[in-house]
Student: 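Have a look at this one before I ask anything.
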Amino acid sequence: MIFRHKLVVFDLDGTLINSLPDISAAANKMLSQYGKSAHTVDEYKFFVGNGSKKLVERILPDFTEEQQAEALKIYKDLYQQKLVVNTAPYPGIRELLLSLKAEGIKIGVCTNKHYSAVNEILGKVFPEIEFDAVAGERTGIPKKPDPANVNNIIKELDIDKSKTVYVGDSDVDMETGYRAGVMTVGVLWGYRPLENMIKAGGKIFISQPSALLDIL
């Protein structure tokens, strides 16, 4: 196959991996320390996507900013202890990534998950795959939907935007890709419904990982 595109930047949670079981376990354990009720795994689909700080704000809306900061630290500590217990790639993702690497297409990850967790998760879930660039939540760099981290990856790998594709599963991702000025693809196996992505401007969608190859 001849590919027009040379770089694919992926969102992580809900796109490459299903991490909700481990995220919800850590968050619910944190909530229990405050005497708060747990949420279901499905409910967490709408709590995640904008970083750990926003996750805590959404599940503890009645807390003060100072209390939320304390809860965030507890959550991150709990999650870091058990990052990859029930986290796994979606069916067909590993094969897709290996196919892209075999074709010489660079692959990157841009996520709002705190950076300290990202490389460890990738190393455990995809030990045989080398990602060309990885960006996560860091102090001083705005989170998605700001396109800063996507643009940083494109610049780091020296790939033209016309040859770059951004792939994600949420309205945040659709906005991120379009604001970065690259082709943006929504996946239908992730956390957010199709309607959310369409409202955010999404136009291209795939229902299985292998379909991305046809787009490239």
Student: With a 3.5 Å distance limit and no angle check, can you tell me whether D22 reaches the backbone of V85 through a side-chain donor-acceptor pair?
Tutor: yes
Student: Kindly give the heavy-atom pair with the smallest separation between V9 and C110, and that separation in Å.
Tutor: CG1-CB, 3.8 Å
Student: Walk me through whether L122 and V109 qualify under side-chain contact (heavy atoms from CB on, under 4.5 Å).
Tutor: CA-CA 9 Å; L122 291 175; V109 170; 4.2 Å; yes
Student: Hydrophobic clustering (ILVMFWY, side-chain heavy atoms < 4.5 Å, transitive) - are I93 and Y166 grouped together?
Tutor: no
Student: Do side-chain atoms of W189 reach the backbone of Q208 as a donor and acceptor pair under 3.5 angstrom?
Tutor: no
Student: May I ask you to check whether over 12 heavy atoms, not counting those of K29, lie within 6.0 Å of atom NZ?
Tutor: no
Student: Given the ring of Y178, does K203 sit roughly above its face, with NZ or CZ under 6.0 Å from the centre of the six-membered ring and within 45° of the axis?
Tutor: yes
Student: What are the two closest heavy atoms between A180 and V150, and how far apart are they?
Tutor: CB-CG1, 3.9 Å
Student: Would you call P209 and Y90 a side-chain contact if the rule is heavy atoms closer than 4.5 Å?
Tutor: no
Student: Is there a path of hydrophobic side-chain contacts, each under 4.5 Å between heavy atoms, that joins V41 and L55?
Tutor: yes
Student: Could you check whether any side-chain N or O of T15 sits under 3.5 Å from a backbone N or O of L12, counting only pairs where one atom can act as donor and the other as acceptor?
Tutor: no
Student: Show the numbers, then the answer: is there a side-chain contact (heavy atoms from CB on, under 4.5 Å) between Y34 and F63?
Tutor: CA-CA 11 Å; Y34 291 101; F63 272 30; 3.6 Å; yes
Student: Does D173 come within less than 4.0 Å of K144, counting only side-chain N to carboxylate O?
Tutor: yes
Student: Is a donor on one side and an acceptor on the other found under 3.5 Å between the side chain of R192 and the backbone of D171?
Tutor: no
Student: Which value, rounded to the nearest 0.5 Å, describes the distance between H39 atom NE2 and K45 atom NZ?
Tutor: 16.0 Å
Student: Linking I/L/V/M/F/W/Y whenever any side-chain heavy atoms sit under 4.5 Å apart, do L31 and L20 land together?
Tutor: yes
Student: For T40, does its backbone N or O pair with a side-chain atom of E43 as donor and acceptor, under 3.5 Å?
Tutor: yes
Student: Of the non-hydrogen atoms in Y115 and V134, which two are nearest, and what is the gap between them?
Tutor: CE1-O, 3.7 Å
Student: Does the side chain of D169 reach to within under 4.5 Å of the side chain of F10, using non-hydrogen atoms?
Tutor: no
Student: Below 4.0 angstrom, N of the basic side chain to O of the carboxylate: do D158 and K106 qualify?
Tutor: no
Student: Would you say L7 ends up clustered with L213 if hydrophobic residues are merged whenever their side chains have heavy atoms under 4.5 Å apart, either directly or through other cluster members?
Tutor: no
Student: Between I59 and Y75, is the side-chain contact (heavy atoms from CB on, under 4.5 Å) condition met? List the steps.
Tutor: CA-CA 11 Å; I59 61 179; Y75 162 70; over 6 Å; no
Student: Return the minimal non-hydrogen interatomic distance between T176 and P145, and the atom names on each side.
Tutor: OG1-CA, 3.0 Å
Student: Could you measure the distance from the CG atom of N152 to the CZ atom of R138? Nearest 0.5 Å is fine.
Tutor: 10.0 Å
Student: Donor-acceptor check, side chain of Q67 to backbone of T64, threshold 3.5 angstrom: yes or no?
Tutor: yes
Student: Could you walk me through whether F3 and L100 pass side-chain contact (heavy atoms from CB on, under 4.5 Å), step by step?
Tutor: CA-CA 10 Å; F3 295 93; L100 294 174; 5.7 Å; no
Student: Take the angle between the ring planes of Y44 and F47 and call it parallel below 30°, perpendicular above 60°, tilted in between.
Tutor: perpendicular
Student: Once rounded to the nearest 0.5 Å, what's the spacing between atom CD1 of I23 and atom CG of N28?
Tutor: 11.5 Å
Student: For L78 versus M30, what's the shortest heavy-atom pair and its separation?
Tutor: CD1-N, 3.7 Å
Student: Should E120 and K124 count as an ion pair when the cut-off is N to O under 4.0 Å?
Tutor: yes
Student: Return the minimal non-hydrogen interatomic distance between M183 and I215, and the atom names on each side.
Tutor: SD-CG2, 3.6 Å
Student: For the pair N18 (side chain) and A88 (backbone), establish whether a donor and an acceptor sit closer than 3.5 Å, ignoring hydrogens and angles.
Tutor: no
Student: Should I206 and V185 count as side-chain neighbours, where that means a heavy-atom distance under 4.5 Å?
Tutor: yes
Student: Answer yes or no: is there an ion pair linking R94 with E128, defined by an N-O contact shorter than 4.0 Å?
Tutor: yes
Student: Testing I105, I129, V8 for side chain to side chain contact (heavy atoms under 4.5 Å, CB included) with L97, which one passes?
Tutor: I129
Student: Is a side-chain donor or acceptor of D11 paired with a backbone partner of T111 at a separation under 3.5 angstrom?
Tutor: no
Student: Could you tell me whether the side chain of V118 reaches within less than 4.5 Å of the side chain of F131, counting heavy atoms only?
Tutor: no
Student: Check for a donor-acceptor pair, side chain of D132 on one end and backbone N or O of I107 on the other, with a separation under 3.5 Å.
Tutor: yes
Student: Is there a donor-acceptor pair under 3.5 Å between the side chain of T184 and the backbone N or O of V182?
Tutor: yes
Student: About how many Å separate CD of Q80 and CD1 of I121, when rounded to the nearest 0.5 Å?
Tutor: 8.0 Å
Student: Report the distance from atom CG of L72 to atom OH of Y79, rounding to the nearest 0.5 Å.
Tutor: 13.5 Å
Student: In plain terms, say whether K163 and D160 are close enough for a salt bridge, that is, a side-chain N and a carboxylate O under 4.0 Å apart.
Tutor: no
Student: Just checking, any donor-acceptor pair under 3.5 angstrom between side chains of R58 and N50?
Tutor: yes
Student: Do E70 and K73 meet the salt-bridge criterion of a basic N to acidic O distance under 4.0 Å?
Tutor: no
Student: Does atom NZ (K54) have a neighbourhood of more than 12 heavy atoms from anything else shown, all under 6.0 Å?
Tutor: no
Student: Would E57 and K53 count as a salt bridge (Lys or Arg N to Asp or Glu O under 4.0 Å) here? Give the steps.
Tutor: CA-CA 6 Å; E57 290 174 1; K53 184 175 183 290; 2.7 Å; yes
Student: Hydrophobic cluster membership, with links at side-chain heavy-atom distances under 4.5 Å among I/L/V/M/F/W/Y: are I198 and I204 in one?
Tutor: no
Student: Is D13 paired with K113 through a side-chain N to carboxylate O contact shorter than 4.0 Å?
Tutor: yes
Student: Roughly how far apart are N119 CG and L83 CG, rounded to 0.5 Å?
Tutor: 11.5 Å
Student: Could you tell me whether K161 atom NZ has more than 12 heavy atoms of other residues or ligands within 6.0 Å of it?
Tutor: yes
